[in-house]
Visitor: 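Have a look at the structure that comes next, please.
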Amino acid sequence: MPELPEVETTRRGIAPHVEQRRVLALQVRQPQLRWPIPEQLAQWIEGDRVQSIERRSKYLLFRFARGTMIVHLGMSGSLRILAADEAPGKHDHVDLVLESGQLLRLTDPRRFGAVLWQENGTEHSLLSKLGPEPLDEAFNAEYLQQCCAGRRTAIKALIMNAAVVVGVGNIYANEALYAAGIDPRRAAGRISAARLEGLVLAIKQVLAAAIKQGGTTLRDFVGGDGKPGYFKQELHVYGRGGEPCHQCGEPLSEVKLSQRSTVFCRQCQR
DNA sequence: CTAAGGACCTGTCGGC
DNA sequence: TGCCGACAGGTCCTTA
């Protein structure tokens, strides 16, 4: 479910209900997520205020006085604001009980998500090796050219590599390459500077548009405020293998690339 | 160092 | 209707 636009949509949805609120309790029903939730997390945050919620890559960062609670939604996670007396379901693993009478609930059927802790003055190893944010100026044509130089890996795998640029997941990698007219299988080092510049712009545009629309609704994704995303209507290739290309009408091809479903137009993408 | 594949876990969907 | 395999938004870690 969550790619960067979905995570950002979630952040914006929950922030007004969580920022500046005091945490009364942290209730952990299932600590076994991708990594175990630290046992002392409750004692570190209970009684303290959430100063702000920030986002880095697809990680949500809850800033507290003595450190940061890091939340990742994995493949199937979501965060919602609910009344404090709402009964938990099977996959409702964690509640952040707020003094406002509401709670922030983490639901994650596949449990690929994570809840971790970063002490002030340290940087978690998961965050320390990340590339630039795609919408930042630091992610530009010159930078991407440097990353691609001499690389034989497929361009799609390269832009999905978080050490190169964060936040480009499978949906938006497919969409951006279609928009840029680049074959996803093409070796990264064999693409002209001009076309890589087009790819940078395409990535920025597709992500910005998706954030503006509130993310892509897949299955049951809803933001923290319960509103669905509307970007799905604008997808040109993702989930459309075999259907006609919106530009030329040829059936879209679908292949596996680094284990991920990859859809593109052989006519329009070279 | 790079590139590719496996692993984690559950739910859903399509085919027989 | 029921069962079984394939597949799903992520990404770290191990292996060549």
Visitor: In whole angstrom, give the distance that lies between atom CG of A:L257 and atom P of C:dA8.
Guide: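 Going from CG in A:L257 over to P in C:dA8 covers 13 Å.
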
Visitor: Whole Å only: how far is the CE atom of A:M75 from the C1' atom of B:dA7?
Guide: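 To the nearest whole Å, that distance equals 12 Å.
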
Visitor: Could you measure between the two P atoms, the one in B:dG5 and the one in C:dC7, and give it in whole Å?
Guide: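 15 Å, rounded to whole Å.
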
Visitor: Which nucleotide wins on minimum distance to the side chain of A:H72, given the candidates C:dG10, C:dC12, B:dC9?
Guide: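 Looking only at side-chain atoms, A:H72 lies closest to C:dG10.
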
Visitor: Does C:dA8 have OP1 or OP2 sitting under 4.0 Å from an N or O in the side chain of A:S261?
Guide: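 Yes, because at least one side-chain N or O of A:S261 sits under 4.0 Å from OP1 or OP2 of C:dA8.
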
Visitor: Take atom CG of A:D108 and atom C1' of C:dT11, then tell me their distance rounded to the nearest Å.
Guide: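 So the CG-C1' distance, A:D108 to C:dT11, works out to 14 Å.
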
Visitor: Answer with base, sugar-phosphate or nothing: what part of the nucleic acid does A:K90 contact at a heavy-atom distance below 4.0 Å?
Guide: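 Sugar-phosphate: the residue A:K90, judged by heavy atoms under 4.0 Å, touches backbone atoms but no base.
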
Visitor: Measure from NE2 on A:H124 to C1' on C:dC12 and round the result to the nearest Å.
Guide: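 Going from NE2 in A:H124 over to C1' in C:dC12 covers 12 Å.
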
Visitor: Distance check: side-chain N/O of A:H91 vs OP1/OP2 of B:dG11, anything under 4.0 Å?
Guide: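 Answer is yes, contact under 4.0 Å.
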
Visitor: Counting only heavy atoms not in A:Q43, do more than 12 fall under 6.0 Å of its CD?
Guide: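 For A:Q43, atom CD is crowded (more than 12 foreign heavy atoms under 6.0 Å).
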
Visitor: Would you tell me if any nitrogen or oxygen in the side chain of A:K256 comes within less than 4.0 Å of OP1 or OP2 on C:dA6?
Guide: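 So the side-chain polar atoms of A:K256 never come under 4.0 Å of the phosphate oxygens OP1 or OP2 of C:dA6.
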
Visitor: More than 12 heavy atoms of other residues, nucleotides or ligands under 6.0 Å from CZ of A:R152: yes or no?
Guide: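 No, CZ of A:R152 has 12 or fewer neighbouring heavy atoms, counting only those of other groups under 6.0 Å.
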
Visitor: To the nearest Å, how far apart are A:E3 CD and C:dT11 C1'?
Guide: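 In whole Å, C:dT11 C1' and A:E3 CD are 13 Å from each other.
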
Visitor: Using a distance-only test with no angle check, is there a side-chain donor-acceptor pair under 3.5 angstrom linking A:K256 and A:S261?
Guide: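 No donor-acceptor contact under 3.5 Å links the two side chains.
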
Visitor: Are A:R266 and A:S253 close enough that a side-chain donor and a side-chain acceptor fall under 3.5 Å?
Guide: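 Yes - a donor-acceptor pair under 3.5 Å links their side chains.
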
Visitor: Output yes if the stacking criterion (under 5.5 Å between centres, under 30° between planes) is met for A:F112 over the base of C:dT11, else no.
Guide: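 A stacking contact does not exist, since A:F112 is not both close and nearly parallel to the base ring of C:dT11.
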
Visitor: I'd like the P distance from C:dT14 over to B:dC9, given in whole Å.
Guide: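 My reading of the P atoms in B:dC9 and C:dT14 gives 16 Å.
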
Visitor: For residues A:I211 and A:L4, determine if any side-chain heavy atom of one lies less than 4.5 Å from a side-chain heavy atom of the other.
Guide: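 Yes; the side chains approach each other to less than 4.5 Å.
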
Visitor: For A:R260 and C:dC7, what is the distance between atoms CZ and C1' respectively, to the nearest whole Å?
Guide: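 A:R260 atom CZ is separated from C:dC7 atom C1' by 11 Å.
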
Visitor: Mind checking side-chain contact (heavy atoms from CB on, under 4.5 Å) for A:L24 and listing every partner two or more places apart, or none if nothing turns up?
Guide: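 If we apply the side-chain contact (heavy atoms from CB on, under 4.5 Å) test to A:L24, skipping adjacent residues, the hits are A:V97, A:E99.
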
Visitor: Applying a 3.5 angstrom cut-off to the pairing atoms, does DNA chain C sit in any stems of at least three consecutive Watson-Crick or G-U pairs? List them by first number.
Guide: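 In DNA chain C, stems of three or more pairs: B:2-8 with C:10-16, B:10-16 with C:2-8.
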
Visitor: In terms of side-chain heavy atoms of A:R111, which of C:dC12, B:dA3, B:dC9 is nearest?
Guide: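 Of C:dC12, B:dA3, B:dC9, B:dC9 is nearest to the side chain of A:R111.
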
Visitor: I'd like to know if A:R110 reaches the base of B:dC9 with its side chain, counting only an N/O donor and acceptor under 3.5 Å.
Guide: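 Under the 3.5 Å cut-off, the side chain and the base do form a donor-acceptor pair.
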
Visitor: Tell me which pairs pass salt bridge (charged side-chain N to carboxylate O under 4.0 Å, His left out) where either residue lies in residues 54-72 of chain A, with sequence neighbours left out.
Guide: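 Every salt bridge (charged side-chain N to carboxylate O under 4.0 Å, His left out) pair that includes a residue of residues 54-72 of chain A, provided the two are not neighbours, is A:E8-A:R55, A:D48-A:R66, A:E54-A:R63, A:R55-A:E133, A:R56-A:E133.
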
Visitor: Of the listed nucleotides (B:dG11, B:dT2, C:dC12), which one gets closest to any side-chain atom of A:P109?
Guide: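 In terms of side-chain proximity for A:P109, the closest of B:dG11, B:dT2, C:dC12 is B:dG11.
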
Visitor: Would you classify A:T153 as touching base, sugar-phosphate or nothing, given that sugar-phosphate means primed atoms plus P, OP1 and OP2, and contacts are heavy atoms under 4.0 Å?
Guide: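 Result for A:T153 = sugar-phosphate.
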
Visitor: Atom CD of A:Q32 to atom P of B:dA7: distance rounded to whole Å?
Guide: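 Value for this atom pair: 20 Å.
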
Visitor: Answer yes or no: does a side-chain N or O of A:R34 lie under 4.0 Å from OP1 or OP2 of B:dC8?
Guide: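 It does not, given that no N or O in the side chain of A:R34 lies less than 4.0 Å from OP1 or OP2 of B:dC8.
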
Visitor: Report yes if at least one side-chain N or O of A:Q259 is closer than 4.0 Å to OP1 or OP2 of B:dA4; otherwise report no.
Guide: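 Checking B:dA4 against A:Q259, no side-chain N or O comes under 4.0 Å of OP1 or OP2.
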
Visitor: Would you call A:D183 and A:K156 a salt bridge, using N to O less than 4.0 angstrom?
Guide: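 A:K156 and A:D183: not salt-bridged.
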
Visitor: Between C:dG10 atom C1' and A:W35 atom CH2, what is the distance in whole Å?
Guide: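 In whole Å, C:dG10 C1' and A:W35 CH2 are 10 Å from each other.
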
